[in-house]
A.B. asks: 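Input: one structure, supplied below.
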Amino acid sequence: MIVTTNRRASQREIVPATNSQARVSSIGARSFLLEAPGDFDLAAQRRIWALSQTVKGWPDLAENIPGMTNLLVIFKETPEDPDAVVARLLEAWENARSMDLKGKTIEIAVHYGGDHAMDLPALCDLSGLSDREVIRIHHEATYRVFALGSAPGFGYLHGLDPRIYMPRKTVPSLKMPKGCVTIGGMQTGVAMLTGPNGWNSIGFATLEMFDPTLPSPAMMAPGDTVRFLPARIEL
(Lines give C-alpha, C1' and ligand atoms only; values in the text may rest on other atoms or scores of the structure.)
Protein backbone atom coordinates (compact mmCIF):
# COMPACT_ATOMS: atom_id res chain seq x y z
CA MET A 1 0.00 0.00 0.00
CA ILE A 2 1.24 3.47 -0.89
CA VAL A 3 0.75 6.15 1.74
CA THR A 4 1.21 9.87 1.22
CA THR A 5 1.23 12.13 4.25
CA ASN A 6 0.88 15.88 4.54
CA ARG A 7 2.74 16.65 7.75
CA ARG A 8 1.16 20.10 8.04
CA ALA A 9 -2.42 18.80 7.93
CA SER A 10 -4.50 16.28 9.85
CA GLN A 11 -5.59 14.45 6.70
CA ARG A 12 -3.80 11.31 5.54
CA GLU A 13 -4.34 10.27 1.95
CA ILE A 14 -4.11 6.56 1.20
CA VAL A 15 -4.55 4.78 -2.11
CA PRO A 16 -8.17 3.50 -2.26
CA ALA A 17 -8.91 -0.11 -1.43
CA THR A 18 -8.71 -2.76 -4.10
CA ASN A 19 -10.54 -6.08 -4.11
CA SER A 20 -7.83 -7.55 -1.88
CA GLN A 21 -6.38 -4.56 -0.01
CA ALA A 22 -7.91 -2.54 2.82
CA ARG A 23 -7.94 1.23 2.94
CA VAL A 24 -6.75 3.16 6.02
CA SER A 25 -7.31 6.86 6.51
CA SER A 26 -6.91 9.20 9.48
CA ILE A 27 -9.71 11.03 11.23
CA GLY A 28 -7.90 13.79 13.06
CA ALA A 29 -4.65 13.12 14.93
CA ARG A 30 -5.54 10.11 17.09
CA SER A 31 -8.08 8.17 15.03
CA PHE A 32 -7.70 5.85 12.04
CA LEU A 33 -10.40 4.23 9.93
CA LEU A 34 -9.87 0.88 8.23
CA GLU A 35 -12.30 0.05 5.43
CA ALA A 36 -12.59 -3.56 4.29
CA PRO A 37 -11.98 -4.26 0.60
CA GLY A 38 -14.38 -6.09 -1.68
CA ASP A 39 -18.09 -6.44 -1.36
CA PHE A 40 -20.36 -5.05 1.34
CA ASP A 41 -21.28 -8.43 2.81
CA LEU A 42 -21.36 -10.60 5.91
CA ALA A 43 -17.95 -12.16 5.18
CA ALA A 44 -16.28 -8.74 5.33
CA GLN A 45 -18.22 -7.79 8.46
CA ARG A 46 -17.16 -10.96 10.24
CA ARG A 47 -13.51 -10.04 9.65
CA ILE A 48 -14.23 -6.54 10.99
CA TRP A 49 -15.69 -8.11 14.14
CA ALA A 50 -12.57 -10.27 14.46
CA LEU A 51 -10.30 -7.26 13.99
CA SER A 52 -12.23 -5.38 16.67
CA GLN A 53 -11.56 -8.20 19.14
CA THR A 54 -7.86 -8.17 18.25
CA VAL A 55 -7.27 -4.44 18.74
CA LYS A 56 -9.12 -4.43 22.07
CA GLY A 57 -5.92 -5.85 23.51
CA TRP A 58 -3.74 -2.95 22.35
CA PRO A 59 -2.69 -1.04 25.51
CA ASP A 60 -2.35 2.29 23.70
CA LEU A 61 -5.88 2.17 22.29
CA ALA A 62 -8.65 4.22 23.90
CA GLU A 63 -11.58 2.86 21.89
CA ASN A 64 -12.49 0.90 18.78
CA ILE A 65 -15.84 1.26 17.01
CA PRO A 66 -16.98 -1.31 14.43
CA GLY A 67 -19.00 0.18 11.56
CA MET A 68 -20.41 -1.11 8.31
CA THR A 69 -17.45 -3.16 7.00
CA ASN A 70 -15.09 -0.69 8.65
CA LEU A 71 -13.40 -0.14 11.99
CA LEU A 72 -12.52 3.15 13.69
CA VAL A 73 -9.65 2.98 16.19
CA ILE A 74 -8.96 5.86 18.59
CA PHE A 75 -5.62 6.03 20.39
CA LYS A 76 -5.09 7.46 23.86
CA GLU A 77 -2.39 9.80 22.58
CA THR A 78 -1.35 11.12 19.17
CA PRO A 79 0.95 8.48 17.63
CA GLU A 80 4.51 9.65 17.06
CA ASP A 81 4.77 7.55 13.90
CA PRO A 82 1.46 7.40 11.95
CA ASP A 83 3.07 5.20 9.29
CA ALA A 84 3.77 2.56 11.93
CA VAL A 85 0.15 2.72 13.08
CA VAL A 86 -1.08 2.16 9.52
CA ALA A 87 1.27 -0.80 9.07
CA ARG A 88 0.23 -2.26 12.42
CA LEU A 89 -3.47 -1.94 11.60
CA LEU A 90 -3.05 -3.47 8.15
CA GLU A 91 -1.08 -6.39 9.60
CA ALA A 92 -3.85 -7.00 12.14
CA TRP A 93 -6.39 -6.94 9.32
CA GLU A 94 -4.42 -9.45 7.26
CA ASN A 95 -4.24 -11.78 10.26
CA ALA A 96 -7.91 -11.36 11.21
CA ARG A 97 -9.97 -14.50 10.78
CA SER A 98 -13.72 -14.57 10.32
CA MET A 99 -15.77 -14.64 13.51
CA ASP A 100 -19.50 -14.54 14.04
CA LEU A 101 -21.35 -12.81 16.85
CA LYS A 102 -24.05 -14.95 18.43
CA GLY A 103 -26.76 -12.39 18.92
CA LYS A 104 -30.43 -12.63 19.75
CA THR A 105 -33.39 -12.64 17.35
CA ILE A 106 -35.60 -9.55 17.26
CA GLU A 107 -39.03 -9.60 15.65
CA ILE A 108 -40.47 -6.24 14.66
CA ALA A 109 -44.19 -5.96 13.86
CA VAL A 110 -44.74 -3.57 10.95
CA HIS A 111 -47.76 -1.73 9.62
CA TYR A 112 -46.82 -1.73 5.93
CA GLY A 113 -48.38 0.90 3.69
CA GLY A 114 -50.72 3.55 5.05
CA ASP A 115 -49.84 7.14 5.85
CA HIS A 116 -46.24 6.35 6.83
CA ALA A 117 -45.38 4.60 3.55
CA MET A 118 -44.88 7.88 1.72
CA ASP A 119 -42.03 6.50 -0.40
CA LEU A 120 -43.56 3.16 -1.37
CA PRO A 121 -44.92 4.43 -4.74
CA ALA A 122 -41.47 5.72 -5.76
CA LEU A 123 -39.88 2.40 -4.80
CA CYS A 124 -42.45 0.55 -6.91
CA ASP A 125 -41.70 2.82 -9.87
CA LEU A 126 -37.96 2.25 -9.54
CA SER A 127 -38.13 -1.52 -9.05
CA GLY A 128 -40.97 -2.27 -11.44
CA LEU A 129 -42.62 -4.29 -8.67
CA SER A 130 -46.09 -3.93 -7.20
CA ASP A 131 -46.53 -2.57 -3.68
CA ARG A 132 -47.49 -6.03 -2.42
CA GLU A 133 -44.38 -7.55 -3.99
CA VAL A 134 -42.12 -4.93 -2.37
CA ILE A 135 -43.67 -5.59 1.02
CA ARG A 136 -43.45 -9.36 0.64
CA ILE A 137 -39.80 -9.22 -0.39
CA HIS A 138 -38.99 -6.93 2.54
CA HIS A 139 -40.63 -8.99 5.27
CA GLU A 140 -39.57 -12.40 3.95
CA ALA A 141 -35.86 -11.58 4.32
CA THR A 142 -33.72 -12.24 7.37
CA TYR A 143 -31.43 -9.39 8.43
CA ARG A 144 -28.26 -9.11 10.51
CA VAL A 145 -27.28 -6.10 12.58
CA PHE A 146 -23.85 -5.05 11.31
CA ALA A 147 -23.40 -1.97 13.47
CA LEU A 148 -25.14 0.72 15.50
CA GLY A 149 -24.93 4.41 14.70
CA SER A 150 -26.50 7.48 13.10
CA ALA A 151 -28.94 7.84 16.02
CA PRO A 152 -29.13 6.20 19.47
CA GLY A 153 -30.14 2.57 18.99
CA PHE A 154 -30.29 2.67 15.20
CA GLY A 155 -29.17 -0.63 13.68
CA TYR A 156 -27.64 -0.86 10.21
CA LEU A 157 -29.18 -4.02 8.79
CA HIS A 158 -27.69 -6.22 6.09
CA GLY A 159 -29.73 -8.66 4.04
CA LEU A 160 -31.99 -6.48 1.91
CA ASP A 161 -32.98 -8.11 -1.38
CA PRO A 162 -31.28 -6.24 -4.28
CA ARG A 163 -34.61 -6.04 -6.07
CA ILE A 164 -35.78 -3.40 -3.61
CA TYR A 165 -32.60 -1.36 -3.23
CA MET A 166 -33.57 2.33 -3.26
CA PRO A 167 -31.11 5.26 -3.34
CA ARG A 168 -31.31 7.73 -0.50
CA LYS A 169 -33.27 10.87 -1.28
CA THR A 170 -31.41 13.82 -2.70
CA VAL A 171 -33.74 16.03 -0.64
CA PRO A 172 -34.47 14.47 2.77
CA SER A 173 -37.91 14.35 4.34
CA LEU A 174 -37.87 17.19 6.86
CA LYS A 175 -39.89 15.48 9.59
CA MET A 176 -40.02 11.72 9.14
CA PRO A 177 -41.68 10.17 12.22
CA LYS A 178 -39.85 7.95 14.66
CA GLY A 179 -40.71 4.33 13.91
CA CYS A 180 -40.78 4.57 10.13
CA VAL A 181 -39.44 1.41 8.49
CA THR A 182 -37.06 2.61 5.83
CA ILE A 183 -34.78 1.62 2.96
CA GLY A 184 -31.59 3.51 2.14
CA GLY A 185 -29.49 2.12 -0.68
CA MET A 186 -28.77 -1.53 0.10
CA GLN A 187 -29.77 -1.23 3.76
CA THR A 188 -32.97 -1.15 5.76
CA GLY A 189 -33.73 0.08 9.26
CA VAL A 190 -36.18 1.76 11.62
CA ALA A 191 -36.05 5.51 12.29
CA MET A 192 -35.11 6.13 15.93
CA LEU A 193 -35.94 9.83 16.00
CA THR A 194 -38.46 12.15 14.41
CA GLY A 195 -36.66 14.59 12.13
CA PRO A 196 -34.87 14.98 8.79
CA ASN A 197 -34.27 11.64 7.10
CA GLY A 198 -33.03 10.75 3.62
CA TRP A 199 -34.16 7.11 3.70
CA ASN A 200 -37.36 5.87 2.05
CA SER A 201 -40.29 4.92 4.28
CA ILE A 202 -42.47 1.91 3.46
CA GLY A 203 -44.18 1.29 6.80
CA PHE A 204 -44.25 1.90 10.53
CA ALA A 205 -43.25 0.01 13.70
CA THR A 206 -44.30 0.87 17.26
CA LEU A 207 -41.68 -1.26 19.03
CA GLU A 208 -39.48 0.84 21.34
CA MET A 209 -35.89 -0.01 20.48
CA PHE A 210 -34.03 2.48 22.66
CA ASP A 211 -34.59 3.18 26.36
CA PRO A 212 -31.94 5.34 28.06
CA THR A 213 -33.11 4.18 31.51
CA LEU A 214 -32.04 0.57 30.90
CA PRO A 215 -28.53 -0.82 31.61
CA SER A 216 -28.31 -1.65 27.87
CA PRO A 217 -30.36 1.17 26.29
CA ALA A 218 -30.27 -0.17 22.71
CA MET A 219 -32.37 -3.23 21.91
CA MET A 220 -30.22 -4.08 18.89
CA ALA A 221 -26.58 -5.10 19.04
CA PRO A 222 -24.09 -6.16 16.36
CA GLY A 223 -24.69 -9.77 15.40
CA ASP A 224 -28.41 -9.77 16.20
CA THR A 225 -30.88 -11.24 13.71
CA VAL A 226 -33.90 -9.13 12.76
CA ARG A 227 -37.18 -10.20 11.18
CA PHE A 228 -39.96 -7.84 10.09
CA LEU A 229 -43.46 -9.26 10.64
CA PRO A 230 -46.38 -7.84 8.65
CA ALA A 231 -48.85 -7.00 11.41
CA ARG A 232 -50.99 -5.04 8.94
CA ILE A 233 -50.83 -4.23 5.25
CA GLU A 234 -52.73 -1.15 4.11
CA LEU A 235 -52.54 -0.42 0.38
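What you see below is based on every heavy atom in this structure, not just the backbone, and it leaves out hydrogens, waters and symmetry mates. Bear in mind that the values here come from a model prediction, so they are computed numbers and not experimental data.
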A.B. asks: Do I74 and L61 come within less than 4.5 Å of each other through their side chains, counting heavy atoms only?
C.D. replies: no

A.B. asks: For residues D60 and E77, determine if any side-chain heavy atom of one lies less than 4.5 Å from a side-chain heavy atom of the other.
C.D. replies: no

A.B. asks: If hydrophobic clusters are built from ILVMFWY residues whose side chains come within less than 4.5 Å, do I106 and F210 share one?
C.D. replies: no

A.B. asks: Measuring from atom CG of D39 to atom CD of Q45, what distance do you get when rounded to the nearest 0.5 angstrom?
C.D. replies: 13.5 Å

A.B. asks: I'd like to check V110 versus H139 (side-chain heavy atoms, cut-off strictly below 4.5 Å). Are they in contact?
C.D. replies: no

A.B. asks: Is W199 linked to L126 within one hydrophobic cluster, defined over Ile, Leu, Val, Met, Phe, Trp and Tyr using a side-chain heavy-atom separation of less than 4.5 Å?
C.D. replies: yes

A.B. asks: So which of L123, I164, I135, D131 actually passes side chain to side chain contact (heavy atoms under 4.5 Å, CB included) with I202?
C.D. replies: L123

A.B. asks: So does D100 get a backbone contact from the side chain of R46, meaning a donor-acceptor N/O pair under 3.5 Å?
C.D. replies: no

A.B. asks: When you measure from the side chain of R47 to the backbone of W93, do you find a donor-acceptor pair of N or O atoms at a distance under 3.5 Å?
C.D. replies: yes

A.B. asks: Out of curiosity, W58 CH2 to L89 CG, how far, rounded to the nearest 0.5 Å?
C.D. replies: 5.0 Å

A.B. asks: Between the side chain of K76 and the main-chain N/O of P59, is any donor-acceptor distance below 3.5 Å?
C.D. replies: yes

A.B. asks: To the nearest 0.5 Å, tell me how far L34 CG sits from T69 OG1.
C.D. replies: 10.0 Å

A.B. asks: Transitively linked via ILVMFWY side-chain contacts under 4.5 Å: M219 with F146?
C.D. replies: yes

A.B. asks: Could you state the interatomic distance from OG (S98) to CD1 (I48), rounded to the nearest 0.5 Å?
C.D. replies: 11.5 Å

A.B. asks: Enumerate, atom names and distances included, each donor-acceptor pair closer than 3.5 Å involving a side-chain atom of residues 222-235, sequence neighbours excluded.
C.D. replies:
from: D224; atom 1: OD1; to: K104; atom 2: N; distance (Å): 3.0
from: D224; atom 1: OD2; to: K104; atom 2: NZ; distance (Å): 2.7
from: D224; atom 1: OD2; to: A221; atom 2: N; distance (Å): 2.9
from: R227; atom 1: NE; to: A141; atom 2: O; distance (Å): 3.2
from: E234; atom 1: OE1; to: H111; atom 2: NE2; distance (Å): 2.9

A.B. asks: Determine, using ring centers only, whether F40 and Y156 are less than 6.0 Å apart.
C.D. replies: no

A.B. asks: How long is the span from the CG atom in L71 to the CG atom in L33, to the nearest 0.5 Å?
C.D. replies: 8.0 Å

A.B. asks: Which value, rounded to the nearest 0.5 Å, describes the distance between H158 atom NE2 and D41 atom CG?
C.D. replies: 6.0 Å

A.B. asks: Which atom pairs, donor and acceptor, lie under 3.5 Å between side-chain atoms of residues 177-193 and protein residues at least two apart or in another chain?
C.D. replies:
from: K178; atom 1: NZ; to: E208; atom 2: OE1; distance (Å): 3.1
from: K178; atom 1: NZ; to: E208; atom 2: OE2; distance (Å): 3.4
from: T182; atom 1: OG1; to: G189; atom 2: O; distance (Å): 3.3
from: T188; atom 1: OG1; to: H138; atom 2: NE2; distance (Å): 2.9
from: T188; atom 1: OG1; to: T182; atom 2: O; distance (Å): 2.6

A.B. asks: Assess whether atom CG of L174 is packed by more than 12 heavy atoms of other residues, nucleotides or ligands within 6.0 Å.
C.D. replies: no

A.B. asks: Considering residues, nucleotides and ligands other than N95, do more than 12 of their heavy atoms fall under 6.0 Å from its CG?
C.D. replies: yes

